[in-house]
Trainee: 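Below is the structure I would like to discuss, written out as structure tokens.
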Amino acid sequence: MAYRIVVDSCCDLPEDYRRDEHFKVVPLTLIVDDTEIIDDETFDQLDFLRRVKESKKGIHSACPSPQRYMDEYETDEATDIYVITLSSKLSGSYNAAIVAKDMYEDEGGTNKVHVFDSRSAAAGEVLIAFMIERAINEGLKFEEVVEKVEDFRAKMGTYFVLETLEVLRKNGRLSNLKAALVSALNIKPVMAGNDGSIVKLGQSRGMDKALIQMVDHIKKDTANPETKTLVIAHCNAPARANKVKELVESIMPIKDVVIVDTAGVSSMYAYDGGIVVSV
């Protein structure tokens with residue numbers, strides 16, 4: 001059976017996966033002040049970061065239309081369709097994919113479609129894509145792939161540290177006073193995704209200490225690390241991502257580490273220097 005893995009553009013796939021015909025990316029739209037930026041292969045990270053820094057009105061995103069997802073469900077041959085979206089608690093992307101599934105089935109579509117709410121973003125979506133591909137290559141049937149990946153998703157952990165909370169301030173998720181205090185004191189919160197929501201695990205003075213604290217949480221939470229792949233997504237910070245890789249490998253026997261640069265939506269959330277890790 002042919003298959004297709006459809007991801008929204010918050011899934012920071014490695015370049016070789018983006019070139020793979022089995023993977024299709026459905027872009028979100030980023031809005032910085034009055035400028036709309038499509039999060040596709042034309043996305044310019046450095047230009048986007050500059051626009052965000054200069055923004056006066058704020059930054060937000062718009063999810064794809066259901067029709068855009070439905071376009072990817074329709075194929076000329078029988079195809080199993082697996083869809084991955086960023087957390088339904090962060091975006092309407094998941095709901096759009098579900099509406100598209102209902103539309104497709106109501107119109108007589110015969111491909112099997114399953115939509116995974118990643119309950120994560122960025123690196124977390126990448127890990128789910130890896131797991132789907134692995135399960136398919138193991139020869140599992142559609143329903144078996146879904147069951148295995150849903151179980152994996154429930155146990156997956158996502159962690160992140162941001163260089164600045166300025167974007168959270170500009171899109172209204174953090175008060176001006178709190179953002180200013182955190183910035184002035186060089187406090188870096190260590191955060192995690194918990195069933196699709198964001199929780200604070202701790203904080204440190206300075207990025208280096210925060211990254212060490214984050215890696216300590218990863219070690220504590222990760223069972224059987226020798227069987228796990230860890231994905232590090234960074235926003236314009238390759239040296240920092242490699243440092244996290246070295247920290248992880250120095251304290252736990254991780255099977256594999258994959259480093260990716262953030263595309264548009266992840267760059268909006270992580271902003272310049274941000275690090276997102278999933279395992």
Side-chain angles (χ1 to χ4, degrees), residues 1-30 37-49 61 63-65 67-86 93 96-97 100 111-116 118 120-140 142 145 149 152-153 156 228-238 241-242 245 255-270 275-279:
M1 173 65 74
Y3 71 92
R4 176 175 291 182
I5 300 174
V6 180
V7 303
D8 67 22
S9 60
C10 193
C11 182
D12 299 312
L13 289 171
E15 282 303 318
D16 55 336
Y17 280 77
R18 290 181 180 273
R19 294 190 295 269
D20 188 323
E21 62 180 8
H22 290 109
F23 288 82
K24 303 294 180 182
V25 180
V26 175
L28 280 79
T29 301
L30 308 173
I37 302 168
I38 305 301
D39 187 14
D40 58 14
E41 66 277 359
T42 66
F43 176 73
D44 184 328
Q45 186 189 69
L46 294 181
D47 179 70
F48 174 73
L49 295 176
S61 64
C63 67
S65 68
Q67 184 60 53
R68 183 62 186 81
Y69 274 111
M70 190 170 170
D71 290 344
E72 299 298 346
Y73 302 167
E74 298 173 328
T75 62
D76 294 333
E77 61 177 325
T79 304
D80 289 341
I81 310 291
Y82 305 92
V83 189
I84 310 167
T85 73
L86 69 132
S93 184
N111 290 331
K112 294 180 180 179
V113 180
H114 184 83
V115 182
F116 294 96
S118 72
S120 182
E125 291 185 61
V126 175
L127 264 187
I128 293 171
F130 287 172
M131 181 55 65
I132 292 172
E133 184 183 52
R134 184 181 306 165
I136 292 170
N137 290 337
E138 289 172 357
L140 300 185
F142 181 83
V145 172
V149 175
F152 170 79
R153 188 275 314 269
M156 180 182 73
K228 304 292 178 63
T229 295
L230 181 142
V231 177
I232 304 170
H234 68 89
C235 182
N236 193 35
N242 277 292
K245 178 179 184 289
K255 178 182 178 181
D256 191 24
V257 178
V258 176
I259 296 177
V260 295
D261 199 357
T262 55
V265 179
S266 301
S267 294
M268 182 185 75
Y269 283 112
I275 295 288
V276 183
V277 180
S278 292
V279 64

Trainee: Could you tell me whether a side-chain N or O of Tyr73 sits under 3.5 Å from a main-chain N or O of Ala97, the two making a donor and an acceptor?
Mentor: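 Yes; at least one donor-acceptor contact below 3.5 Å.
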Trainee: Give the ring-plane orientation class for Phe116 versus Tyr82, where under 30° counts as parallel, over 60° as perpendicular and anything between as tilted.
Mentor: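 Phe116 vs Tyr82 ring planes: parallel.
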Trainee: In sequence, state the C-alpha distance, the side-chain angles, and the governing distance for Asn111 and Thr75, and then conclude on side chain to side chain donor-acceptor pair (under 3.5 Å).
Mentor: CA-CA 8 Å; Asn111 290 331; Thr75 62; 3.0 Å; yes
Trainee: Nearest 0.5 Å please: distance from the CG atom of Asp256 over to the NZ atom of Lys245.
Mentor: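 If I round to the nearest 0.5 Å, the distance is 8.5 Å.
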Trainee: For Asn137 and Glu133, which I'm curious about, is there any donor-acceptor pair between the side chains at under 3.5 Å?
Mentor: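 There is no such pair between these side chains.
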Trainee: The test is side-chain contact (heavy atoms from CB on, under 4.5 Å); show your working for Leu46 and Asn236 and say whether it passes.
Mentor: CA-CA 8 Å; Leu46 294 181; Asn236 193 35; 3.9 Å; yes
Trainee: Run the numbers on Thr29 and Asp39 for side-chain contact (heavy atoms from CB on, under 4.5 Å), then give the verdict.
Mentor: CA-CA 6 Å; Thr29 301; Asp39 187 14; over 6 Å; no
Trainee: Which residue, Ile81, Asp8, Val115, forms the side-chain contact (heavy atoms from CB on, under 4.5 Å) with Tyr69?
Mentor: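 The side-chain contact (heavy atoms from CB on, under 4.5 Å) with Tyr69 is passed solely by Asp8 among Ile81, Asp8, Val115.
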Trainee: Does Ser118 reach the main-chain N or O of Thr85 with its side chain, forming a donor-acceptor pair under 3.5 Å?
Mentor: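 Yes, Ser118 side chain to Thr85 backbone: donor-acceptor pair under 3.5 Å.
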Trainee: Any sub-3.5 Å donor-acceptor pair from Ser278's side-chain atoms to Gly124's backbone N or O?
Mentor: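 Yes; at least one donor-acceptor contact below 3.5 Å.
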Trainee: What distance do Ile84 atom CD1 and Ile132 atom CD1 have between them, rounded to the nearest 0.5 Å?
Mentor: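 That separation rounds to 3.5 Å.
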Trainee: Determine whether Asp80 and Ile136 satisfy the following criterion, side-chain contact (heavy atoms from CB on, under 4.5 Å), listing intermediate values before the conclusion.
Mentor: CA-CA 10 Å; Asp80 289 341; Ile136 292 170; over 6 Å; no
Trainee: Apply side-chain contact (heavy atoms from CB on, under 4.5 Å) to the pair Val231 and Phe130, showing each step before the final yes or no.
Mentor: CA-CA 10 Å; Val231 177; Phe130 287 172; 3.9 Å; yes
Trainee: At what distance, to the nearest 0.5 angstrom, does CE of Met131 lie from CZ of Arg134?
Mentor: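 Answer for the CE-CZ pair, Met131 versus Arg134, is 4.5 Å.
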Trainee: Test side chain to side chain donor-acceptor pair (under 3.5 Å) on Gln45 and Thr262; report intermediate values, then the result.
Mentor: CA-CA 8 Å; Gln45 186 189 69; Thr262 55; 3.2 Å; yes
Trainee: Using the side-chain contact (heavy atoms from CB on, under 4.5 Å) rule, pick out the option among Val279, Val260, Ile275, Val276 that qualifies with Ile232.
Mentor: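 Going through Val279, Val260, Ile275, Val276 one by one, the side-chain contact (heavy atoms from CB on, under 4.5 Å) with Ile232 is satisfied by Ile275 alone.
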Trainee: To the closest 0.5 Å, what do you measure between CZ (Arg68) and CG (Leu28)?
Mentor: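 If I round to the nearest 0.5 Å, the distance is 11.0 Å.
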Trainee: Within the distance-only criterion (no hydrogens, no angle test), does the side chain of Thr79 pair as donor or acceptor with the backbone N or O of Tyr3 below 3.5 angstrom?
Mentor: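 Here the side-chain-to-backbone pair does not exist.
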Trainee: Please evaluate residues Phe48 and Phe43 with respect to the criterion ring pair (Phe, Tyr, Trp, His ring centres under 6.0 Å), reporting the C-alpha separation (whole Å), side-chain torsions for both, the decisive distance (0.1 Å), and the verdict.
Mentor: CA-CA 8 Å; Phe48 174 73; Phe43 176 73; 5.4 Å; yes
Trainee: So which atom in Ala96 and which in Pro64 form the shortest heavy-atom distance, rounded to 0.1 Å?
Mentor: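 What the structure gives for the nearest pair is CB-O, 3.3 Å.
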Trainee: Quick check: does any side chain N or O of Asp12 sit under 3.5 Å from a backbone N or O of Ala263, one acting as donor and the other as acceptor?
Mentor: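 Answer holds: yes.
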Trainee: Which value, rounded to the nearest 0.5 Å, describes the distance between Ser9 atom OG and Leu30 atom CG?
Mentor: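 The distance works out to 7.0 Å.
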Trainee: Would the distance check show the side chain of Arg4 and the main-chain N or O of Lys24 forming a donor-acceptor pair, the cut-off being under 3.5 Å?
Mentor: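 Flag not set: sc Arg4 to bb Lys24 has no pair under 3.5 Å.
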Trainee: Measuring from Gln67:CD to Glu72:CD, what's the distance to the nearest 0.5 Å?
Mentor: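 One gets 11.0 Å once the value is rounded to the nearest 0.5 Å.
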Trainee: Are Met268 and Ser61 packed together at the side-chain level, in the sense that at least one heavy-atom pair is separated by less than 4.5 angstrom?
Mentor: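 Met268 vs Ser61: side chains touch.
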